[in-house]
Protein chains: 2
Amino acid sequence: MKNYIKEFRKQMHMTQANIADLCGVARQTINCVENDKYDPTLELAFKISRLLKKNLEEVFIYDSL
Amino acid sequence: MKNYIKEFRKQMHMTQANIADLCGVARQTINCVENDKYDPTLELAFKISRLLKKNLEEVFIYDSL
DNA sequence: TAAAAATGTCATATATATTGGACATTTTTA
DNA sequence: TAAAAATGTCCAATATATATGACATTTTTA
């Protein structure tokens with residue numbers, strides 16, 4: 001699983017803390033998701049994607065196999 | 001959060017147990033996700049969607065607000 | 001219409017996502 | 001070029017997704 005959170009986040013001039021606040025989670029959570037430390041909840045993945053004004057599958061890339 | 005797992009699953013003549021086996025999770029897990037008992041992991045949501053040959057956002061509908 | 005398969009559900013246990021606090025390092029800003 | 005902000009990381013605690021086993025009910029099939 002790959003993601004483009006950092007890239008899209010910077011395009012929007014947002015910080016990890018901004019995203020975290022707006023998603024209602026801790027800053028560490030966004031940091032860990034961004035750096036593939038763990039697999040987020042589907043709802044959190046949707047929240048992040050919406051904040052970045054992207055479709056979920058543009059932000060998170062699932063490589064089957 | 002709404003999902004169309006049951007509908008797409010029946011279209012493919014698959015059972016909850018089939019999906020579970022192919023996803024590598026327990027049958028109860030698929031049952032709970034299908035019935036909105038809890039929020040699946042992003043990776044599991046992707047696996048289910050791929051098995052149903054659909055995009056994730058066709059299977060899981062996130063209603064913001 | 002009885003048997004078999006599929007589903008819903010419950011209880012307990014485990015794995016892991018998420019939290020909160022704290023601090024070091026890196027990046028940005030004044 | 002120093003101060004401030006942002007990021008990465010660690011630890012311990014908590015919340016919740018997932019597992020396992022078992023059984024009742026519903027749906028499908030022979």
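Keep in mind that the numbers below use all heavy atoms, side chains included, and drop hydrogens, waters and symmetry copies. Residue numbers begin at 1 in each chain, while the letters A, B, ... track the order of the sequences.
Candidate nucleotides C:dT19, C:dG8, D:dG8 were compared by shortest atom distance to the side chain of A:V25, and C:dT19 ranks first. Of the candidate nucleotides C:dT18, D:dT9, D:dG8, C:dT18 has the atom nearest to the side chain of A:V33.
Rounded to an integer number of Å, the gap from CE of A:M14 to P of C:dT28 is 18 Å. Residue A:L44 contributes atom CG, which lies 18 Å from atom P of C:dT16 at whole-angstrom precision. A straight line from CD of B:E43 to P of C:dA17 spans 10 Å, rounded to a whole angstrom. B:D39 places its CG atom 13 Å from the P atom of C:dA17, with the value rounded to the nearest Å. Here the C1' atom of nucleotide C:dT18 and the CD1 atom of A:I19 are 17 Å apart, to the nearest Å. Atom OH in B:Y38 sits about 13 Å away from atom P in C:dG8, given to the nearest Å. The nearest whole Å value for the distance from the CD1 atom in A:I30 to the P atom in D:dG8 is 12 Å. One atom, CD of A:Q16, and another, C1' of C:dT19, lie 16 Å apart when rounded to the nearest Å.
No cation-pi contact links B:K10 to B:F8, judged by a cut-off of 6.0 Å to the six-membered ring centre and 45° from its axis.
For the side chain to side chain contact (heavy atoms under 4.5 Å, CB included) with B:I5, the qualifying choice from B:V59, B:L51, B:I19, B:N35 is B:V59, the only one to do so.
With a cut-off of 3.5 Å on both Watson-Crick or G-U wobble distances, the partner of C:dT16 is given as D:dA15. Remark: D:dT25 base-pairs with C:dA6. Criterion, Watson-Crick or G-U wobble with two distances under 3.5 Å.
A:N31 places no side-chain N or O within donor-acceptor distance of the main-chain N or O of A:Q28, the cut-off being under 3.5 Å.
For C:dT7, one of the phosphate oxygens OP1 or OP2 lies less than 4.0 angstrom from a side-chain nitrogen or oxygen of B:R9. For C:dA22, neither phosphate oxygen OP1 nor OP2 lies less than 4.0 angstrom from any side-chain nitrogen or oxygen of A:R27. In terms of phosphate contacts, A:T41 brings a side-chain nitrogen or oxygen within less than 4.0 Å of OP1 or OP2 of C:dT18. OP1 or OP2 of D:dG8 has at least one side-chain nitrogen or oxygen of A:N35 nearer than 4.0 Å. For A:N31 and D:dG8, the shortest distance from a side-chain N or O to OP1 or OP2 is below 4.0 Å. Taking side-chain N and O atoms only, A:Q28 has no distance below 4.0 Å to OP1 or OP2 of D:dC10. Side-chain N/O atoms of A:T15 include one lying less than 4.0 angstrom from OP1 or OP2 on D:dT7. For C:dT9, one of the phosphate oxygens OP1 or OP2 lies less than 4.0 angstrom from a side-chain nitrogen or oxygen of B:K37.
Salt-bridge annotation for A:R50 and B:E57: present, with a side-chain N of the basic residue lying under 4.0 Å from a carboxylate O of the acidic one.
Using a 4.5 Å cut-off on side-chain heavy atoms (C-beta onward), A:L56 and B:Y62 make no contact.
B:K6 comes within 4.0 angstrom of sugar-phosphate atoms only, judged by non-hydrogen atoms across all strands, and of no base.
Mapping B:T29 and B:K10 onto DNA chain D by nearest heavy atom places B:T29 at the nucleotide closer to the 5' end.
Between the side chains of B:N55 and B:E58, at least one donor-acceptor pair of N or O atoms lies under 3.5 Å.
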